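Just so we're clear, the structure is a prediction, and the values are computed from it rather than from any experiment. Labels below follow one simple rule: chain letters A, B, ... track the order of the sequence lines, proteins then strands, and each chain is numbered from 1.
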Amino acid sequence: MASPQRHDLKRYPGFGAVTWACIVLLYAPMLVIMIYSFNELRSITTWGGFSFAWYLKALNNPQLHSATFNSVVVALVAATLGTILALCAALAMTRGRQLKHQSASFALLNLPLMVPEIVTAIGSLVFFLAIGIQLGLSTIIIAHTVFCIPFAYLPIAARLQGLEGYFEEAARDLYATRWETFRYVTLPLTMPGIISGYMLAFIVSLDDFIITNMVAGPGATTLPMAIYGMVRTGFTPEINAISTMMLLVSALFVSASYLISRRGASS
Amino acid sequence: MAALIATGNSQQESAAGLTARQRGLLLLPALLAIAIFLVLPLGFILVYSFLTKGTYGGVVWEFSLAAYEQFLFERDLFTDELVFHASYLQIYGRSVLQALVATIACLAIGFPTAYYIATRPAAQRNMWVFLITVPYWVNLLIRTVSMLFIIRDEGPLNSILLGIGLISEPIRLAYTDFAIGLGLVYSYLPFMVLPIYAAIERFDFRLVEAGHDLYADRWTILRQIIVPLTRPGIVAGSLLVFIPSLGSFIAPDLLGGGKNLMIGNTIALQFQSSRNWPFGSAAAVILLTLVLIVLVLFARRAQQAAAEQGRQ
Amino acid sequence: METQALRRDAVGIDQVVKVYGEGASAVTALKGVSLSIADNEFFTLLGPSGCGKTTLLRIIAGFEQVSGGRVFLFGEEIEQLPPNRRPVNTVFQHYALFPHMTVEENIAFGLRRLKRSDTEVKKRVGEMMEIVRLSGFAGRRPGQLSGGQQQRVALARALAPQPKILLLDEPLSALDLKLRQQMRLELKQIQENTGITFIFVTHDQEEALAMSDRIAVMSQGEVQQLGTAEDVYERPSNRFVADFIGDTNLIEATVLGEDGPDRRRCRTAQGLELTASGSGDPGQMVHLSIRPERISLVAGIGGSGTPCTIDRIIYLGTNRQVLVRLADGAPLTLLVPNTSGSTLEPGSAATISVAPGAARQLRD
C-alpha cells in the first residue's frame with residue numbers, strides 16, 4: 001500500500017519547511033536579543049556569564065523612567081479617546097440601514113491606515129506649527145488619537161456586524177429605552193470587540209516612533225524615542241534589556257487579547 | 001488599506017432604534033477628528049509644496065515650483081541653469097524596487113506558510129496564527145534593533161558563520177540594501193501571512209478533489225485553482241506589505257545606516273537637518289500619489305474580478 | 001471472490017476494509033466489501049447516510065485509500081494510482097465547479113490536463129454542452145447558473161474526458177423534486193447513449209429503483225443485498241433491505257409446515273395464516289415481509305380473508321394508505337388504489353387477504 005501522504009491531495013512538499021523557516025525568521029532575532037540581555041559582558045561576541053546587571057542599569061535610568069511614563073500616559077489617553085470615537089462611529093455605521101455617505105465615511109475612518117506614516121508625521125508637524133499649538137505631550141496625544149481610531153474601529157465594527165439586530169429588537173420589545181438597550185444588550189455583547197480594539201490601539205500608540213518623533217517637540221520624550229536615541233549613539237546591552245522587557249509586555253498583551261477574543265468567539 | 005480586508009457594510013434595520021440623525025451625530029466626532037487632524041494637515045502639505053522655502057526652515061508665502069523642480073533638476077552654481085539630475089528619482093526608484101523585492105520575498109515565504117497553517121487540523125490552526133501574530137504586537141523599533149543586532153559585523157550571525165568556518169572574515173550585512181530588504185520582510189511578513197491564511201481557510205478543498213479527478217497534478221491545481229481563488233487574499237497581503245515598505249523609515253534608517261536612503265528618510269530629512277519644507281512636502285505629495293495610484297489600480301481590479309465572478 | 005472474475009469486470013472490489021482513525025476512536029466504514037461491476041452497467045450504491053457508500057465511491061475515485069483489500073479497474077490493481085491518473089471521473093455532490101472559470105473552461109479542464117489538441121477540446125466541449133443542453137451558456141460562470149444548470153455542467157465536465165467509469169455522488173440531492181425526476185431520465189439516457197459505466201451513490205431508493213441495472217444495498221459498512229431493482233424490492237434478502245426499500249409490514253411468524261420447495265405455511269402471532277417463500281422447520285420463528293400493495297382489502301366482513309378494523313386512511317393521490325388493526329390490535333399497513341366511490345371509512349370493519357407469494361421470509 002502507498003504511504004498515506006502520497007494521495008493526500010492538500011499536501012505540498014516543502015511548505016512545512018518554509019513555515020518553520022518563517023517562524024525562525026520571525027523569532028530568532030528576538031530570542032537572540034533576549035539571551036544577550038543576560039550577558040554579563042559588554043561584548044557581543046563572548047558570553048561572560050548570566051547577569052541581571054543590564055536590567056538594573058536600565059531600571060535605574062531616570063531618562064527611561066520619564067520616557068516610559070510619557071509613553072504610558074499617551075497610550076492610555078489616546079487609546080481611550082480613540083476607542084470611544086471608534087465605538088460611536090461603529091454604532092452609527094452598523095446599527096441600521098446604509099447611511100447616505102456610508103462608503104465615504106468608511107474610507108475616511110480608515111484613511112489613517114492608508115496614508116504612509118511619514119506623510120502623516122510631517123503633515124501633523126506642519127499643521128500644529130501653523131495653527132500655533134505648542135509641541136509636546138498634547139500634540140502627541142492628538143496625533144495618536146487620530147491613528148488609533150481605525151485600529152479600534154475595525155474589531156468593534158466586525159463584532160457589531162456579527163451581532164444580529166434581533167437582540168436589540170427583543171430588548172426594545174421588553175420596554176428597554178434606547179439607552180438601556182445599549183447599556184444592557186449592545187455594549188456587553190460588543191465588549192470583546194471593544195477590548196481587542198482598545199488593546200490594539202494601546203499597543204499601536206506605544207509602538208509609534210515616526211509620528212511621535214516629529215510632533216514631540218523638545219521636552220516630551222517617549223520610550224521608542226529614547227530607545228532610538230540610545231541605538232543611534234551606540235549599541236549597549238542595556239538596549240537588549242529594555243527590548244526584552246518591552247517584548248514581555250507585548251507578549252502579555254497579545255496573550256490577553258488572544259484569550260479574550262477566544263472567549264468572545266465562544267460566547 | 002483596511003477597506004481591502006474589512007467585510008462589507010451591514011444593512012440591518014435600525015435595531016438599536018437610532019434615527020439617521022442620531023447616527024450622524026454619533027459618527028461626526030470621529031470623522032471630524034480625522035478631517036481636522038489628518039485631512040487638513042495633508043492639505044497643508046499640498047499647499048506647502050508650492051511655496052518658497054524659508055531660510056531657517058518653514059516657508060515663505062510665495063508661490064513657487066522650486067520644490068518640484070528640485071526633484072528632477074539641479075541649479076548649476078555658476079550658470080544658474082537647470083540641469084537634469086536623477087538622484088531623487090533614483091531614491092524613489094530604489095524605494096519602489098526595495099518595496100517590490102520585500103513584497104515578493106514576503107509572498108514567497110508567506111503563501112506556503114499560510115497554506116500550511118490553513119491545512120493543519122482545526123485545533124492546531126489557532127496556535128499557528130497566534131505564533132504569526134505575536135511579532136506584529138512587538139514594537140517595530142525593537143524588532144528592527146534585534147535584526148540589526150544579529151547581522152552586525154561582530155554579531156551572532158557572523159560569529160556563527162566564522163565559527164563553523166564558512167567564511168574567513170565577517171561579511172558586511174548591516175548597513176546594506178540587503179539589510180534594509182531583510183528588515184522590511186521581517187517587519188511586514190505577518191501582514192502577508194494573515195490575509196492569505198484567511199483566504200485559504202475559506203477555500204473549498206472539494207475543488208482540489210475535482211481538479212485531481214480531472215487529471216490535474218498538484219502543481220497545476222495550485223496554479224490554476226488555488227491561487228486564482230485565493231487571489232483577493234494574496235492581493236490584500238501584497239498591498240499590506242508594499243505600501244508600508246514604500247514609505248518606511250525605521251528599516252532604512254537603522255539597517256541602512258542612514259546612507260542608503262529611501263523615500264521616508266528623504267522626507268524626514270527635509271524637516272530635520274536639511275530644513276527644506278517645500279521640498280519635503282513635495283516629496284510627501286509624490287509618495288502619497290504613488291500610494292493612491294497603487295490603491296486605486298488594485299481596487300479597480302478587485303471590482304472587475306468581483307463582477308466577473310458573477311456572484312448575484 | 002474469484003480473482004479471475006475481478007479481472008474481467010469494469011470495477012472489482014475485493015474484501016475492501018476502510019478504517020478511519022486509530023486505536024479506541026477508530027471507526028470502521030467498510031467491513032470487507034466485495035463487489036464486481038460490469039462494463040456499461042448502471043450500478044447503484046444505495047443506503048442510509050453513514051453506510052459506507054460514499055467511502056466506497058471515494059476509494060474507487062482515489063480520494064481515499066483502503067485499509068485492506070484490493071480494488072481493480074478493468075483487471076488492474078489501481079491502489080497505487082493517484083486520482084489524476086485514473087480513467088475515472090466524478091460528479092460531486094455539490095458539483096465543485098471552479099467558480100473562477102466559465103462553463104466552457106470548466107468542461108475543458110480535464111481535456112486540457114490530458115493535453116488534448118485545441119481543436120479536439122473545442123469540439124468535445126461543444127458536444128458535451130449539446131448533450132447536457134447548455135449550448136449558449138459557454139461564457140457564463142457557475143455563480144450565474146441555476147442549480148439544475150450547475151448540475152448539468154458538473155455532468156458535462158466529468159463526461160468530457162470520456163472516462164471509462166463515471167462516479168456520481170448523490171448528484172441529484174440538491175435539486176427540487178420535479179427537476180430530480182427529469183434528471184433521472186436524462187442520466188439514464190446519457191448512460192445508455194455513451195455506454196460508460198455509471199456508479200451512482202444515493203440514499204433515495206426511488207432514484208435507485210428507477211435508474212439502476214443493479215443495486216448494492218449497503219448498511220453499516222456491508223453490502224446487504226446485490227441485485228436488480230426487482231430483486232431488491234420483490235425479494236429482499238433481509239429485514240434491513242425489506243425495511244429500507246419501500247414500505248413493508250414486518251411480521252413475526254411460526255413455521256407450520258412445508259408447502260412445496262422453498263415455501264412454508266406460516267402463522268403470525270395474530271393468527272393470520274399464509275404461505276411465505278423461504279425455508280425452516282415446523283415450529284421455527286421467522287420474520288416475514290409483506291408489501292402493503294400486496295394485501296387487498298374489501299369493506300365489511302366475510303369471505304376467506306381475515307377481519308380487521310380500519311384505523312386511519314391517508315390520501316396519497318393515486319393511492320390511499322390504509323392503516324388497519326387485526327382482531328388482537330396488531331397494526332398492518334395497506335396500499336389500495338384510489339378508485340372512486342370507495343366506501344372505506346375509519347372505524348369500519350373490513351376484510352384483508354394477502355396475495356399468494358406476497359409474504360417473504362427474511363434473514364435477520
Side-chain angles (χ1 to χ4, degrees), chain A residues 9-10 15-16 18-19 22-23 26 29-30 32-33 44-45 85 88-89 91-92 94-98 102 105 108 110-114 116 118-119 122-124 126-127 130 142 146 149-150 154 161 165 168-169 172 178 181 186 203 207 209-210 224 227-228 231 243 246-247 250 253-254 258, chain B residues 1-3 6-7 9-18 23 26-27 29-31 33-34 37-38 40-42 44-45 48 109 112-113 115-116 119 130-131 134-135 137-142 145-147 149-150 154-156 159 205 208 212 247 249 264 267-268 271 280 284 287-288 291:
Chain A
L9 311 173
K10 289 162 100 180
F15 278 23
V18 173
T19 305
C22 175
I23 296 291
L26 287 177
M30 293 193 271
V32 167
I33 217 168
I44 294 168
T45 39
L85 291 176
C88 293
L91 282 170
T94 60
R95 301 287 89 176
R97 278 172 224 268
Q98 294 253 323
Q102 183 97 8
S105 302
L108 193 56
N110 287 298
L111 189 66
L113 297 179
M114 285 179 263
I118 186 69
V119 178
I122 62 155
S124 304
V126 161
F127 175 74
I142 293 172
V146 169
I149 292 173
L154 291 175
Q161 259 158 6
E168 285 153 341
E169 279 167 3
R172 301 282 286 158
R178 269 198 292 267
T181 304
T186 316
I203 275 287
D207 195 82
F209 167 72
I210 301 169
I227 296 171
Y228 181 80
V231 175
S243 299
M246 282 192 77
L247 276 172
S250 298
F253 256 80
V254 67
Y258 179 69
Chain B
M1 230 179 298
T7 46
N9 296 317
S10 121
Q11 293 197 330
Q12 288 159 351
E13 293 292 323
S14 186
L18 293 171
R23 287 166 63 204
L26 276 174
L27 188 53
L31 294 187
I34 294 172
F37 295 108
L38 183 59
L40 211 53
L42 293 179
F44 269 73
I45 293 180
Y48 274 35
I109 305 171
T113 303
Y115 185 93
Y116 184 77
T119 51
F130 179 71
L131 276 179
V134 169
W137 289 72
V138 174
N139 196 309
L140 182 60
L141 192 59
I142 287 178
V145 166
S146 63
M147 183 53 91
F149 181 77
I150 63 168
E154 61 275 32
S159 328
F205 274 96
V208 169
H212 268 286
F249 173 82
I267 296 173
F271 289 85
L287 171 62
L288 199 56
V291 168

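You'll find the side chain of Pro112(B) stays beyond 4.5 Å of the side chain of Thr19(A), heavy atoms only. Counting heavy atoms from C-beta outward, Phe149(B) and Val32(A) have side chains that approach closer than 4.5 Å.
Rounding to the nearest 0.5 Å places CG of Leu31(B) at 11.5 Å from SG of Cys88(A). Atom OG of Ser243(A) and atom CG of Asn139(B) lie 8.0 Å apart (nearest 0.5 Å). The distance from the CD1 atom of Ile150(B) to the CD1 atom of Ile33(A) is 9.0 Å, given to the nearest 0.5 Å. Taken from CD1 in Ile45(B) to CD1 in Ile122(A), the straight-line distance is 4.0 Å, to the nearest 0.5 Å. With rounding to the nearest 0.5 angstrom, the CZ atom of Phe127(A) is 5.0 Å from the CG atom of Leu40(B). A distance of 12.5 Å separates CD1 in Ile142(B) from CZ in Phe209(A), rounded to the nearest 0.5 Å.
Side-chain atoms of Asp207(A) do not come within 3.5 Å of backbone N or O of Trp137(B) as any donor-acceptor pair. Checked by atom type and distance alone, the side chain of Tyr48(B) never pairs as donor or acceptor with a backbone atom of Gly123(A) at under 3.5 Å.
When all heavy atoms of Arg95(A) and Arg23(B) are compared, the pair lying nearest together is O-NE, 3.1 Å. The two residues Val291(B) and Met114(A) have their closest heavy-atom pair at CG1-O, 3.8 Å. Listed here is the closest heavy atom pair of Lys10(A) and Tyr115(B): O-OH, 2.7 Å.
The candidate from Ile142(A), Leu91(A), Leu247(A) with the greatest count of non-hydrogen atom pairs under 4.5 Å with chain B is Ile142(A). Ranking Pro41(B), Gly264(B), Ala30(B) against chain A, the residue ahead of the rest is Pro41(B), based on heavy-atom pairs under 4.5 Å. Heavy-atom pairs under 4.5 Å with chain B were tallied for Ile227(A), Val126(A), Ile210(A), Ile149(A); the largest tally goes to Val126(A). The residue among Pro29(B), Ala33(B), Ser146(B), Gly247(B) with the most heavy atom pairs within less than 4.5 Å of chain A is Ser146(B). Among Ala92(A), Cys22(A), Ala89(A), the residue with the largest count of heavy-atom pairs under 4.5 Å with chain B is Ala92(A).
When heavy atoms are compared at a cutoff of 4.5 Å, Ile109(B) approaches chain A by way of both its backbone and its side chain. With a 4.5 Å cut-off on non-hydrogen atoms, Val119(A) touches chain B through its backbone and its side chain both. Both the backbone and the side chain of Val145(B) come within less than 4.5 Å of a heavy atom in chain A. With a 4.5 Å cut-off on non-hydrogen atoms, Leu287(B) touches chain A through its side chain but not through its backbone. When heavy atoms are compared at a cutoff of 4.5 Å, Leu108(A) approaches chain B by way of both its backbone and its side chain.
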Evaluation steps, side chain to side chain contact (heavy atoms under 4.5 Å, CB included), between Val254(A) and Phe130(B): CA-CA 9 Å; Val254(A) 67; Phe130(B) 179 71; 4.2 Å; yes

